[in-house]
Amino acid sequence: MKMNSRYFLILFLLLNLLSCNKKEEVTPTEDAIIGSPGEGVTVAGNEINAVGMLDLINKTRTTGCVCGTTPMKPVAALKWNSKLEEAAYKHSLDMKTRNYFNSNDVSNRITQTGYTWSVFGENIALGYTTEKAVMDYWIKSEGHCKNIMNGSFTEVGVGRSGNYWTQVFAKPK
């Protein structure tokens with residue numbers, strides 16, 4: 001009997017994990033891009049498709065998924081914020097320029113853009129060449145996934161320089 005319950009648990013976890021990749025359509029509107037024209041990129045040099053990234057983030061958030069072994073219920077979609085994008089891009093550029101990989105001084109980097117936050121979080125990644133590839137990595141990492149699924153966050157900005165990625169989440173005061 002123990003074997004059957006283990007197989008059931010494994011099957012349950014696998015089915016929930018696969019739910020992170022559901023193809024439900026959540027198309028960002030122009031209202032979802034705060035302070036950003038066109039593809040949402042307002043920071044010169046940022047190598048990202050903001051609308052595409054926001055779509056990937058919000059598909060996961062509004063569908064729910066399993067982060068590690070923790071089932072995460074659906075949460076509200078995020079809006080893109082150009083100040084968070086700026087903080088994210090500057091960090092990605094700095095990591096690339098100075099050849100390091102670290103999440104440090106996040107609160108100061110966000111504050112320096114003029115964003116007044118009440119809560120924040122950050123994901124970083126290195127080596128990925130597309131928005132989908134980096135999101136797949138972040139969803140497979142329990143801590144990164146929990147940041148993406150954190151219902152306290154209402155806005156996001158993502159920056160990329162080369163293969164250095166930074167994803168900044170926050171909620172304004």
Between [X] and [Y], what is the shortest heavy-atom contact and its length?
{"X": "Ser92", "Y": "Trp165", "value": "OG-C, 3.4 Å"}
{"X": "Phe153", "Y": "Leu78", "value": "O-CD2, 3.2 Å"}
{"X": "Thr63", "Y": "Pro74", "value": "O-CG, 3.4 Å"}
{"X": "Glu131", "Y": "Glu47", "value": "OE2-O, 4.4 Å"}
{"X": "Glu122", "Y": "Asn147", "value": "O-ND2, 3.1 Å"}
{"X": "Gly114", "Y": "Lys83", "value": "O-NZ, 3.6 Å"}

For residues [X] and [Y], determine if any side-chain heavy atom of one lies less than 4.5 Å from a side-chain heavy atom of the other.
{"X": "Asn58", "Y": "Trp80", "answer": "no"}
{"X": "Lys171", "Y": "Glu155", "answer": "no"}
{"X": "Leu84", "Y": "Thr113", "answer": "no"}
{"X": "Tyr128", "Y": "Asn163", "answer": "no"}
{"X": "Val43", "Y": "Lys90", "answer": "no"}
{"X": "Tyr100", "Y": "Asp94", "answer": "yes"}
{"X": "Val158", "Y": "Val134", "answer": "no"}
{"X": "Val66", "Y": "Met72", "answer": "no"}

Give, for atom [atom1] of [X] and atom [atom2] of [Y], the distance between the pair rounded to the nearest 0.5 Å.
{"X": "His144", "Y": "Asn123", "atom1": "NE2", "atom2": "CG", "result": "4.5 Å"}
{"X": "Ile139", "Y": "Lys132", "atom1": "CD1", "atom2": "NZ", "result": "10.0 Å"}
{"X": "Leu54", "Y": "Asn49", "atom1": "CG", "atom2": "CG", "result": "10.0 Å"}
{"X": "Glu86", "Y": "Asn46", "atom1": "CD", "atom2": "CG", "result": "10.5 Å"}
{"X": "Ser161", "Y": "Met95", "atom1": "OG", "atom2": "CE", "result": "9.0 Å"}
{"X": "Tyr115", "Y": "Ser82", "atom1": "OH", "atom2": "OG", "result": "10.5 Å"}

[X], [Y]: one ILVMFWY side-chain cluster at the under-4.5 Å cut-off?
{"X": "Phe101", "Y": "Tyr137", "answer": "no"}
{"X": "Ile124", "Y": "Met53", "answer": "no"}
{"X": "Trp117", "Y": "Val119", "answer": "no"}
{"X": "Trp138", "Y": "Val168", "answer": "no"}
{"X": "Ile148", "Y": "Ile48", "answer": "yes"}

Could you go through Asn150 and Phe169, starting from their C-alpha distance and side-chain angles, then the distance that decides it, and tell me whether this counts as side chain to side chain contact (heavy atoms under 4.5 Å, CB included)?
CA-CA 9 Å; Asn150 186 330; Phe169 305 94; over 6 Å; no
In terms of side-chain geometry, is the basic nitrogen of Arg109 or Asp105 positioned less than 4.0 Å from the acidic oxygen of its partner?
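Looking at Asp105 together with Arg109, the answer is no, because their closest N to O distance does not fall below 4.0 Å.
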Closer than 4.0 angstrom, basic N to acidic O: yes or no for Asp136 and Lys140?
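Not counted as a salt bridge, because no side-chain N and carboxylate O are separated by less than 4.0 Å.
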Thr166 side chain vs Gly159 backbone, donor-acceptor pair below 3.5 Å:
no
Verify, without hydrogens or angle tests, whether His91 (side chain) and Gln167 (backbone) share a donor-acceptor contact under 3.5 angstrom.
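Answer holds: no.
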Does Met149 form a side chain to side chain contact (heavy atoms under 4.5 Å, CB included) with Thr70? I'd like the steps, not just the answer.
CA-CA 11 Å; Met149 295 302 297; Thr70 307; over 6 Å; no
